[in-house]
Structure formats: C-alpha cells, structure tokens
Amino acid sequence: MSEGASGERGVQIMTGEQNHGGGDASGRRVSRPLVLAAIAVIVLTLDIVTKVVVVAKMTPGQPVPLIGDDIRFTLIRNPGAAFSMATGMTWILTIVALLVVAGIIRYGRRLTSAWWAVGLGLVLGGALGNLVDRLFRAPGPLEGHVVDFIAVGSFPVFNIADSGITVGAILLAALALFGVEPQQRPVAGSADDAVSVGDAEATGDTGSPSDAETASDADTADEADSADDAGSDAAGPADTTDGKDLPRDA
C-alpha cells in the first residue's frame, strides 16, 4: 500500500470518517428529515388551497371539463378513503390516518435515504391533507367528508392528497423492490480493514520491534564470539608451567 493511501486511511480512522455508500451519515440524518418535512408541507399546502378554491367556486353535480370528458373537475364529498373506497368507515379511517402520520413522523427522524424521504413525505402530506378534512369538515370531527374534485375518465374522483399518497406508495414500493434501504448502512468491514491496515503498517512494513531486537542481539553475540576466537589464536597455546624452570639442554 502506498504512503498516500495509508495516510488517508489513517486520517479516516482518527476522524471517524467512513464510507456509507453515498455520503456522510451525520449529514444525511440532519438533511433527510428536512426533505421529508418539506415535501409533506408542499403536498399539504397544495391540497388545502385547491380544496378551498374548489369548494368556493364549484357546485356539486356541475362538472367543469378540461379536456373533453376525459379530464374534468367535479366536486363531490367523500366519506370514505382515497378514491371513494370504504365509505361508511370514516371514523376508523381517521384513526388509521392519525396512526400513519405519527408513525411516519417518528420513523422519518432516522432516515438517511433521500428517496425514502421523498416517498414518505408524499404519503405524509397526503395523509395530513385528508385528515384535515375529516377533522374539520362537516358533518363533524372524525367524521368529516373529504373534498374530491379531479376526475379522469371512469376512474374514481380524487384530490391532491390522494395523488400524493399514491405516488409516494409507488415510489416506496419501487425502492424496496430494488433494495434501497431507508437507513444506509456502512460498508461491511470497512472499519476493521482500516484498523488491520494500520496495524500491518505499524508492525509489518517496518518490521516487528521484537524481531529486530532479537536479530540485533544475535549479531552482537556472534561478533563477541568471533572476537574471543581471534584473541585466542593470537595469544598462542596456554602456558602450563606455572613459572617453573624447564630443564635446559646441555
């Protein structure tokens, strides 16, 4: 591994920066809930404004054609769910909508995926739009009828909130199908690999300190033995007479 690459990975270990497959995790957790909230506010605002205008300007039973009879505005009061389903269960649908809103708000705080934030924002804005009608429109709280006004062909009449819920649900289903997780996870083993590389650089590339000391001690011992042998050879055979006079030849 090059010195530049090893230095970069060392900085990542010290600073705690990891590759999370799309950006910094702390930045995602700060921005994604804001994206969710912004999308929800946009959908909710459009839904409320269009409903106020339609109720003020249109009369039930008098459609306004836009493109022939294929696309038109027609005002109806819907006591049921989206696309006029489950009529007669208004208060149950209101409770379900409250639970959905609470769940999205709670779960959205942990999002790290921008696309999941967009999808949940669309669903949240649509759920809030219809919930406002059920809480504040006639015939009373929890039983208010939702204002629908968009008609396309023979499709059930719907509104902006219904559109947000439908588009958001389709987006979320596509994200789940393609394996996009709402909370991006760190790349498996990235931190362990970085630590292992740092350990290897500390002990492998420069050599183990214990191995270096052992080799140095061995070299010193060999030099000492060589010196002793050289000294012995230079001094000659040892004197064993202990100072006694040797007999001289006549």
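Reckoned from all heavy atoms, side chains included, excluding hydrogens, waters and symmetry mates. This structure is a prediction, so every number in the text was calculated from the model and none was measured.
- Put simply, Ile170 and Leu177 are part of two different groups of oily side chains (I, L, V, M, F, W, Y) that touch within less than 4.5 Å, one to the next.
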Point to revise | Audit row: Thr59, Leu75, side chain to side chain contact (heavy atoms under 4.5 Å, CB included) steps and yes/no | key: CA-CA 7 Å; Thr59 302; Leu75 175 60; over 6 Å; no

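- Side-chain contact between Val167 and Val123: absent, with no pair of heavy atoms (C-beta onward) separated by less than 4.5 Å.
- Hydrophobic clustering keeps Phe136 apart from Val41 (ILVMFWY residues linked when any side-chain heavy atoms are closer than 4.5 Å, directly or through intermediates).
- Put simply, CG on Asn130 and CG on Asn78 are 8.0 Å apart, with the number rounded to the nearest 0.5 Å.
- For the atom pair CG of Leu36 and CD1 of Ile39, the computed distance is 8.5 Å after rounding to the nearest 0.5 Å.
- Applying the salt bridge (Lys or Arg N to Asp or Glu O under 4.0 Å) rule to Asp133 yields the partners Lys51, Arg137; only residues at least two apart in sequence or on another chain are considered.
- Following chains of ILVMFWY side-chain contacts shorter than 4.5 Å, one cannot reach Leu128 starting from Val49, and the two form parts of different hydrophobic clusters.
- Across every non-hydrogen atom of Ala151 and Val157, the tightest pair is CB-CG2, 4.1 Å.
- Atom CG of Leu171 and atom OG1 of Thr166 lie 12.5 Å apart (nearest 0.5 Å).
- Under a hydrophobic-cluster definition in which Ile, Leu, Val, Met, Phe, Trp and Tyr are linked whenever side-chain heavy atoms come within less than 4.5 Å, directly or via other members, Val53 and Val43 are assigned to different clusters.
- Listed by first and then second residue, the ring pair (Phe, Tyr, Trp, His ring centres under 6.0 Å) pairs involving residues 102-135 amount to none (not counting sequence neighbours).
- Both Ile95 and Leu135 belong to a common hydrophobic cluster when Ile, Leu, Val, Met, Phe, Trp and Tyr are linked at side-chain heavy-atom distances under 4.5 angstrom.
- Leu99 CG to Ile104 CD1: the interatomic distance, rounded to the nearest 0.5 Å, is 11.0 Å.
- The two residues Ser113 and Val180 have their closest heavy-atom pair at OG-CG1, 3.9 Å.
- Across all non-hydrogen atoms, the minimal contact from Pro33 to Gly108 is CG-O, 3.4 Å.
- With contacts defined as side-chain heavy-atom distances shorter than 4.5 Å, the pair Arg110/Gln183 qualifies.
- Going from atom CD1 of Ile150 over to atom OG of Ser163 covers 5.0 Å, rounded to the nearest 0.5 Å.
- Residue pairs meeting the side chain to side chain donor-acceptor pair (under 3.5 Å) criterion with at least one partner in residues 65-75, sequence neighbours excluded, are absent.
- Among all heavy-atom pairs drawn from Thr50 and Leu46, the shortest one is OG1-O, 2.8 Å.
- Among residues at least two apart or in separate chains, there is no ring pair (Phe, Tyr, Trp, His ring centres under 6.0 Å) pair with a member in residues 38-63.
- Sorted by first then second residue, the ring pair (Phe, Tyr, Trp, His ring centres under 6.0 Å) pairs that include residues 48-76, not counting sequence neighbours, are Phe73-Phe149.
- Distance alone, capped at 3.5 Å, places no donor-acceptor pair between the Asp148 side chain and the Ile76 backbone.
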Exercise for review: With side chain to side chain contact (heavy atoms under 4.5 Å, CB included) as the test, would you mind laying out the steps for Leu142 and Arg134 before giving the verdict?
Suggested key: CA-CA 5 Å; Leu142 299 182; Arg134 293 194 175 101; over 6 Å; no

Practice item. For side chain to side chain contact (heavy atoms under 4.5 Å, CB included), just list the numbers for Arg77 and Val146, CA-CA rounded to whole Å, side-chain angles, deciding distance to a tenth of an Å, and then say yes or no. Key: CA-CA 6 Å; Arg77 305 280 184 161; Val146 175; over 6 Å; no

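- Sequence neighbours left out, not one pair with a member in residues 35-56 passes ring pair (Phe, Tyr, Trp, His ring centres under 6.0 Å).
- Shown here for Leu131 and Ala97, the closest heavy-atom pair between the two residues is CD1-CB, 4.0 Å.
- Here CG of Leu120 is found 5.0 Å from CG of Leu172. Values are rounded to the nearest 0.5 Å.
- Side-chain atoms of Leu124 and Val101, non-hydrogen and from C-beta on, do get closer than 4.5 Å to each other.
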